[in-house]
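In each ligand, atom 1 is the first atom listed, and ligand 1 is the first ligand listed.
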Amino acid sequence: MPDALKLLTTRRSFKPVELAGPAPSAAEVDQLLTVASRVPDHGKLAPWRFIVFEGHARLAAGDAIAKAYAAKYPQAKPEHVEAERNRLTRAPLVVAVVSRAAPHVKIPEWEQVLSAGAAAMNLVLAAHALGYGASWITEWYAYDRGVLDSFGLAPNERIAGFVHIGRPPGPPEDRPRPPLSEIASRFSA
Ligand SMILES: Cc1cc2nc3c(=O)[nH]c(=O)nc-3n(C[C@H](O)[C@H](O)[C@H](O)COP(=O)(O)O)c2cc1C
């Protein structure tokens, strides 16, 4: 499958602000989430879930981010609080990949967390395969309890990433990658 290999060897992240509308259609969002959920998952626990932010809901969700920011930085300038409100409006579609990893009699929690990472990466790749660009980011609000509460995350749930999706401005420039000699070795006895 040369197309798949080309995608894998040329894919780059875009900045959320570079990702323009129109947003993926409802059918495309279903396709994206279907691919995202089709990942290795030891014990078939589905230790992840997705929250879709699109349209006006992105700004409503931004209210929680702005509120948390203002509480954290009471001296913050109004324009900075306003910028926080727009965090999720930079790209036309944002999908929060939520890790639901929890202690289990057989399956290590670490493996459940890794599966959430795989789901996020599959989502990024599916977006590219559909002709969109993507950005997998967390930023500060992924770690703010007030924001997580307002997004409905349970205490054991964590944000693996906010995957921003939209139309890319053009072909991306690559960035340096670690040489294989530094990251790979052959085991020899
Ligand atoms: C879990 C996770 C969280 C990330 N969070 C951020 C972030 O908050 N801000 C950011 O600029 N990049 C973040 N990144 C890095 C970008 O996703 C991306 O890897 C980086 O911009 C390099 O782009 P590339 O995919 O083109 O190599 C994160 C990556 C991962 C795996």
Side-chain angles (χ1 to χ4, degrees), residues 3-20 24 32-33 35-41 47-53 58 61-62 64-66 68-69 72-73 80-81 83-102 108-148 150-151 153 156-184:
D3 286 348
L5 206 52
K6 185 166 180 229
L7 191 162
L8 292 168
T9 50
T10 58
R11 181 210 60 82
R12 274 237 52 199
S13 297
F14 292 89
K15 293 193 180 88
V17 286
E18 295 177 316
L19 298 167
L32 291 169
L33 299 181
V35 174
S37 64
R38 210 185 169 289
V39 287
D41 167 10
W48 22 254
R49 65 185 180 95
F50 309 104
I51 306 171
V52 176
F53 300 90
R58 293 171 304 153
I65 298 175
Y69 186 81
K72 222 170 149 86
Y73 304 105
H80 291 162
V81 176
E84 293 299 332
R85 197 181 312 283
N86 279 292
R87 281 277 182 187
L88 300 183
T89 65
R90 291 172 291 179
L93 172 70
V94 181
V95 179
V97 178
V98 178
S99 162
R100 305 199 287 181
E109 223 170 312
W110 165 236
E111 298 186 5
Q112 299 174 47
V113 174
L114 290 174
S115 185
M121 194 63 222
N122 252 25
L123 178 57
V124 166
L125 291 173
H128 279 265
L130 280 177
Y132 294 97
S135 170
W136 172 359
I137 57 175
T138 42
E139 301 186 318
W140 69 270
Y141 48 92
Y143 300 97
D144 185 276
R145 192 61 250 173
V147 172
L148 300 184
S150 69
F151 291 175
L153 269 74
N156 71 300
E157 293 185 321
R158 283 188 288 174
I159 297 287
F162 289 102
V163 178
H164 291 59
I165 296 168
R167 289 166 204 277
E173 259 182 47
D174 205 5
R175 68 174 174 92
R177 304 286 166 176
L180 287 186
S181 58
E182 285 179 14
I183 55 166

Do any nitrogen or oxygen atoms of ligand 1 lie under 3.5 Å from a protein nitrogen or oxygen, and which ones?
| from | atom 1 | to | atom 2 | distance (Å) |
| --- | --- | --- | --- | --- |
| ligand 1 | 5 (N) | T138 | N | 3.2 |
| ligand 1 | 5 (N) | T138 | OG1 | 3.1 |
| ligand 1 | 8 (O) | T138 | N | 3.2 |
| ligand 1 | 8 (O) | T138 | OG1 | 3.4 |
| ligand 1 | 8 (O) | E139 | N | 3.0 |
| ligand 1 | 14 (N) | W136 | O | 3.4 |
| ligand 1 | 17 (O) | W136 | O | 2.5 |
| ligand 1 | 23 (O) | S13 | OG | 3.2 |
| ligand 1 | 25 (O) | R11 | NH1 | 3.0 |
| ligand 1 | 25 (O) | R11 | NH2 | 3.1 |
| ligand 1 | 25 (O) | S13 | OG | 2.6 |
| ligand 1 | 26 (O) | R12 | NE | 2.7 |
| ligand 1 | 26 (O) | R12 | NH2 | 3.2 |
| ligand 1 | 26 (O) | S13 | N | 2.7 |
| ligand 1 | 27 (O) | R175 | NE | 2.6 |
| ligand 1 | 27 (O) | R175 | NH2 | 2.8 |
| ligand 1 | 27 (O) | R177 | NH1 | 3.0 |
| ligand 1 | 27 (O) | R177 | NH2 | 3.1 |

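- Applying the ring-ring contact (aromatic ring centres under 6.0 Å, His included) test between F162 and each of W136, Y143, Y141 identifies Y141 as the sole match.
- Y69 meets the ring-ring contact (aromatic ring centres under 6.0 Å, His included) test with Y73, W140; sequence neighbours excluded.
- Looking at E18, its side chain does come within 3.5 Å of a backbone N or O of K15 through a donor-acceptor pair.
- Looking at residues two or more places apart in sequence or on another chain, you find a ring-ring contact (aromatic ring centres under 6.0 Å, His included) between F151 and F53.
- Using a 4.0 Å cut-off between a side-chain N of Lys or Arg and a carboxylate O of Asp or Glu, E139 and R90 qualify as a salt bridge.
- Scanning for side chain to side chain donor-acceptor pair (under 3.5 Å) contacts around R145 gives D149, with sequence neighbours left out.
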